[in-house]
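Read the structure below first, then the notes.
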Amino acid sequence: MTNRSPGPPSRTLLEEAGRRMQTRRLSRRTIRSYCHWIRRYVRFHGRRHPRELREPEVNQFLAFLANERRVSASTQQQALCALVFLYRHVLEEELGELQIIRARRKRKLPVVLTRSEVRRILNQASGSPKLVLSVLYGGGLRLLEGLRLRVKDVDLETCQLTVRDGKGEKDRLTILPSSLVAPLQNQVKRVRTAHEKARRQGYAGVELPYALAKKYPNAQYELAWQYLFPAERPSRDPESGAIRRHHIHERTIQRAFKTALRRSDVHKHAGCHTLRHSFATHLLEAGYDIRTIQELLGHSNLKTTMIYTHVLNQGGRGVRSPLDDL
């Protein structure tokens, strides 16, 4: 096994990798993740430059993650994607065939809450976190999809939500529960009040995706582009230095969910994403077509959505236990 040094790799390499990732419009999370794996890969091989390393060294690193670090299959796959990006788009070299020792992929069924459990959890939440959690469950959204909603993405008349740049940079439409129309109308009013107050205090506007800030320079000040669930106060953008109002931090909602889960006395290993699983399962229970559910969830492959049919059949639903006949 190659000795590993704790020293960092060349910053020039990471900076160039980050620049290439930004050019290809990778998300900030993906950029941070890929840079993390590139750094670990270089450290693992004693700070040697990746140009000196080829397929055997990549195989060795991935085998180390699977056998010694015991990482999950998805984590190992993420590391592989980072290294493939490094060689293909940064070093402009193609890796040959890799003999990867794959981490074992466990087949897990998603945790699903019953309708009663969802109700109890939401009843224990309050304020903006409760509204966010209600939107996640009501429309089957991922956490960041809900937090990144803009005012213009909510159609209160047709009861539709537009998810922009979801997983795989795909847009989609999903449902907005009619019971949330009035709460969201009030939320938009609060956003308007906070936005107008911030404008009077020298607020620089909201961050716009891609190059829209150059194409529409005044759009960042428009109410339509403001986040539906903004943070309490503006903060300094780490890249531009401008004072902007971002959306609520995801950890705020995650902590609120965990608190509500504990208070509701629901003993399941659940998180915010469990609400999305519950949304799909409850629609299946109600008899909705699985392809409709696939479109609402934004799944590219129907097989991904089919996992909820397995959840639906767990626990012997529809089967009478012989114990009940005794």
Side-chain angles (χ1 to χ4, degrees), residues 74 106-149 153-154 159-163 166-167 170 172-181 183-184 228-229 248 250-319:
S74 59
K106 297 181 180 180
R107 183 178 179 274
K108 293 184 177 180
L109 293 175
V111 176
V112 173
L113 301 166
T114 65
R115 289 179 172 82
S116 173
E117 289 171 339
V118 173
R119 184 184 305 111
R120 284 154 55 191
I121 291 171
L122 293 180
N123 286 340
Q124 293 299 324
S126 61
S128 294
K130 179 176 182 177
L131 187 54
V132 173
L133 295 174
S134 299
V135 169
L136 298 184
Y137 172 67
L141 274 62
R142 301 176 179 90
L143 176 56
L144 281 178
E145 289 175 347
L147 293 179
R148 288 172 178 167
L149 287 173
D153 297 328
V154 182
C159 289
Q160 282 189 330
L161 294 174
T162 303
V163 178
K167 193 172 183 179
K170 295 179 295 184
R172 74 176 190 277
L173 293 175
T174 187
I175 54 178
L176 170 65
S178 57
S179 59
L180 293 181
V181 170
L184 287 178
L228 183 63
F229 303 110
I248 298 176
E250 60 201 90
R251 291 180 184 174
T252 301
I253 306 302
Q254 290 167 341
R255 284 195 294 263
F257 180 87
K258 287 297 183 182
T259 300
L261 179 69
R262 184 176 62 254
R263 292 176 177 173
S264 65
D265 204 31
V266 174
H267 305 293
K268 289 184 178 179
H269 184 65
C272 293
H273 202 73
T274 308
L275 296 173
R276 176 174 161 89
H277 295 321
S278 305
F279 165 84
T281 306
H282 296 164
L283 287 182
L284 274 175
E285 289 176 342
Y288 288 97
D289 179 72
I290 193 167
R291 289 198 175 273
T292 301
I293 299 172
Q294 177 192 3
E295 292 181 4
L296 294 176
L297 294 175
H299 289 161
S300 300
N301 196 323
L302 184 61
K303 289 183 178 180
T304 308
T305 317
M306 289 292 290
I307 188 67
Y308 299 110
T309 63
H310 298 292
V311 176
L312 197 64
N313 293 326
Q314 291 301 303
R317 295 184 184 182
V319 177

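What's counted below: heavy atoms across the whole structure, side chains too, no hydrogens, waters or symmetry copies. Counting begins at 1 with the first residue of the sequence.
Minimum heavy-atom separation, L131 to P183: CD1-CB, 3.9 Å. Here the closest non-hydrogen pair linking C159 and S178 is SG-CA, 4.2 Å. The two residues L143 and E250 make their nearest non-hydrogen contact at CD2-CB, 3.7 Å. Here the closest heavy-atom approach between residue L122 and residue K130 is recorded as O-CE, 3.2 Å. Taking both residues in full, the closest heavy atoms of A125 and A260 are given as N-CB, 4.1 Å, listed atom of the first, atom of the second, then distance.
Put simply, the residue from V118, L180, L275 that forms a side chain to side chain contact (heavy atoms under 4.5 Å, CB included) with S134 is L180. None of V112, L283, T114 except one satisfies the side chain to side chain contact (heavy atoms under 4.5 Å, CB included) rule with S278; the exception is V112.
Side-chain atoms of I307 and L109, non-hydrogen and from C-beta on, do get closer than 4.5 Å to each other. Contact annotation: the side chain of I253 never approaches that of F229 to less than 4.5 Å [non-hydrogen atoms, C-beta and beyond]. Counting heavy atoms from C-beta on, the side chains of Y137 and I121 never come closer than 4.5 Å. L228 is not listed as a side-chain neighbour of D153, based on a closest heavy-atom distance of 4.5 Å or more. The shortest side-chain heavy-atom distance between V132 and F257 does not fall under the 4.5 Å cut-off. Counting heavy atoms from C-beta outward, L176 and L184 have side chains that approach closer than 4.5 Å.
Every residue two or more places apart in sequence or in another chain was checked for a side chain to side chain donor-acceptor pair (under 3.5 Å) with R148, and none qualifies. Partners of K170 by side chain to side chain donor-acceptor pair (under 3.5 Å), not counting sequence neighbours, listed by chain and number: S300. For S74, the side chain to side chain donor-acceptor pair (under 3.5 Å) partners are S72, not counting sequence neighbours. Contacts of R120 classified as side chain to side chain donor-acceptor pair (under 3.5 Å), with partners at least two apart in sequence or in another chain: none.
Between atom CG of residue L261 and atom CD of residue E117 there is a gap of 9.0 Å, rounded to the nearest 0.5 Å. The structure places SG of C272 at 10.0 Å from CG of L144, a figure rounded to the nearest 0.5 Å. With rounding to the nearest 0.5 Å, the separation of CG in L136 from CZ in F279 is 11.0 Å. Taking CZ from R172 and CG from L161, the interatomic distance works out to 9.5 Å, rounded to the nearest 0.5 Å. The CG atom of L297 lies 7.5 Å from the OG1 atom of T174; values are rounded to the nearest 0.5 Å.
Sorted by first and then second residue, the salt bridge (charged side-chain N to carboxylate O under 4.0 Å, His left out) pairs involving residues 253-267 (not counting sequence neighbours) form an empty list.
K268 NZ: more than 12 foreign heavy atoms inside a 6.0 Å radius.
With hydrogens and angles ignored, the 3.5 Å screen pairs a side-chain donor or acceptor of R276 with a backbone N or O of G140. Looking at T274, its side chain does come within 3.5 Å of a backbone N or O of G271 through a donor-acceptor pair.
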Result block: side-chain N/O donor-acceptor pairs under 3.5 angstrom for residues 289-296, not counting sequence neighbours:
| unit_1 | atom_1 | unit_2 | atom_2 | d |
| --- | --- | --- | --- | --- |
| D289 | OD2 | R291 | N | 2.9 |
| D289 | OD2 | T292 | N | 3.3 |
| Q294 | NE2 | H299 | O | 3.2 |

